[in-house]
There are 2 protein chains.
Amino acid sequence: MTNNLDTFFGAMSDPTRRAVIERLVTGPAPVSELHAPHDIALPTFLRHLKVLEDSGLVRSEKKGRVRTVHIEAAPLAVAEDWLQNQRLIWEGRIDRLAALAEQIERTAP
Amino acid sequence: MTNNLDTFFGAMSDPTRRAVIERLVTGPAPVSELHAPHDIALPTFLRHLKVLEDSGLVRSEKKGRVRTVHIEAAPLAVAEDWLQNQRLIWEGRIDRLAALAEQIERTAP
DNA sequence: AAGATTGTTAGTCATATGGCTAAGTAATGT
DNA sequence: ACATTACTTAGCCATATGACTAACAATCTT
């Protein structure tokens with residue numbers, strides 16, 4: 001499997017798509033409503049939605065002629081965890097450096 | 001300003017670049033060491049580094065013939081915050097739904 | 001000084017990405 | 001039935017992205 005994070009970060013690297021996510025965390029919406037604030041052609045917008053759906057960030061169901069889109073929050077959490085992890089490792093390193101500095105302080109005051 | 005998150009997420013959407021970040025959170029390293037584990041040509045790898053540097057995730061200094069690269073953790077934190085924010089909004093919505101359900105329960109038991 | 005290391009620059013190539021228009025389909029409103 | 005709404009599909013275009021080789025430059029090492 002080509003890492004999940006690939007498609008996630010790829011999906012989030014576009015402002016239109018991030019805006020859609022920002023909208024969807026407040027609740028599901030039909031395609032037309034999601035499209036409205038964006039000044040791009042509908043087909044172009046639909047392909048952004050497809051990217052989001054392919055990345056697993058979003059799902060949709062069609063009822064009648066309306067397709068309703070909703071967010072799938074899990075991938076957000078996965079990415080958040082990854083970032084947090086990196087930060088913790090990095091901070092741990094800082095802590096280690098601080099500890100080392102302190103140790104040097106004690107050894108050679 | 002074209003959102004900071006654009007270049008950040010774009011930078012993180014590539015596995016090679018994420019691997020570099022994962023390595024760099026444990027401490028700075030010269031280009032050659034960063035390149036070693038990756039089975040791609042050096043020039044190709046250098047362009048990945050440039051993407052990371054352009055996105056502000058990484059900086060580097062050259063001393064003699066060795067260029068040492070180190071991470072800039074702030075962008076990681078910014079992205080983590082953004083994701084956390086989205087999650088909180090989403091969870092807030094869940095809470096509101098739960099509250100609504102509870103309210104309905106009480107109204108019509 | 002000669003050779004090995006460690007990048008760097010330049011140029012090519014294939015594919016992916018983000019945008020468009022035009023035309024089509026399936027529901028729904030009148 | 002007909003028009004309108006709400007997507008869908010198909011196809012085109014320009015630019016960006018990720019990979020390569022070849023050749024160059026600047027340090028060490030010996």
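Labels below follow one simple rule: chain letters A, B, ... track the order of the sequence lines, proteins then strands, and each chain is numbered from 1.
- Side-chain N/O atoms of A:Lys62 include none lying less than 4.0 angstrom from OP1 or OP2 on D:dA6.
- Judged by closest nucleotide on DNA chain C, A:Ala41 is the one of A:Ala41 and A:Gly64 placed further toward the 5' end.
- Comparing C:dA10, C:dG7, D:dC7 by their nearest atom to the side chain of B:Pro30 picks out C:dG7.
- As a whole-Å value, the separation of A:Phe45 CZ from C:dT17 P is 18 Å.
- Looking only at atom types and distance, the side chain of B:Thr26 has a donor-acceptor partner in the side chain of B:Arg23 under 3.5 Å away.
- Taking atom CG of A:Leu52 as the reference point, atom P of C:dG18 lies 11 Å away to the nearest angstrom.
- The A:His48 side chain lies nearest to C:dG19 when the options are D:dC7, C:dG19, D:dG18.
- The two atoms that bring A:Ala79 and A:Phe9 nearest to each other are CB-CZ, 4.4 Å, heavy atoms only.
- The backbone N or O of A:Pro30 sits nowhere less than 3.5 Å from a side-chain atom of A:His35 that would complete a donor-acceptor pair.
- Between the A:Arg17 side chain and the A:Met12 main chain, no donor and acceptor come within less than 3.5 Å of each other.
- Following rounding to the nearest Å, A:Asp14 (CG) and C:dT17 (C1') show an atom-to-atom distance of 9 Å.
- Contact annotation: A:His35 side-chain N/O to D:dA6 OP1/OP2 distance is not under 4.0 Å.
- Residue B:Phe9 contributes atom CZ, which lies 20 Å from atom C1' of D:dA16 at whole-angstrom precision.
- Regarding contacts with the backbone of D:dG18, every side-chain N or O of B:Thr44 stays at 4.0 angstrom or more from both OP1 and OP2.
- Which of D:dC7, D:dC28, C:dT8 sits closest to the side chain of B:Arg65 comes down to D:dC28.
- Relative to the side chain of B:Pro43, the nucleotides D:dG18, C:dT8, D:dT9 differ in distance, and C:dT8 lies closest.
- Contact between the side-chain N/O atoms of A:Ser32 and the OP1/OP2 oxygens of D:dC7 is found at a separation under 4.0 Å.
- Per the geometry, CE belonging to A:Met12 stands 13 Å off P belonging to C:dG18, to the nearest Å.
- Among C:dG19, C:dT21, C:dT8, the nucleotide with an atom closest to any side-chain atom of B:Arg67 is C:dT8.
- Taking atom CD on B:Glu33 and atom P on C:dT5, their separation rounds to 17 Å, with Å as the unit.
- The main-chain N or O of A:His70 is never found under 3.5 Å from a side-chain atom of A:Arg59 such that the two would form a donor-acceptor pair.
- Here C:dA10 presents its P atom at 14 Å from CG of B:Leu46, a figure rounded to the nearest Å.
- Between A:Leu42 atom CG and C:dT25 atom C1' the separation is 14 Å, expressed in whole Å.
- Side chain of A:Arg47, nearest nucleotide from C:dC20, C:dG7, C:dG29: C:dC20.
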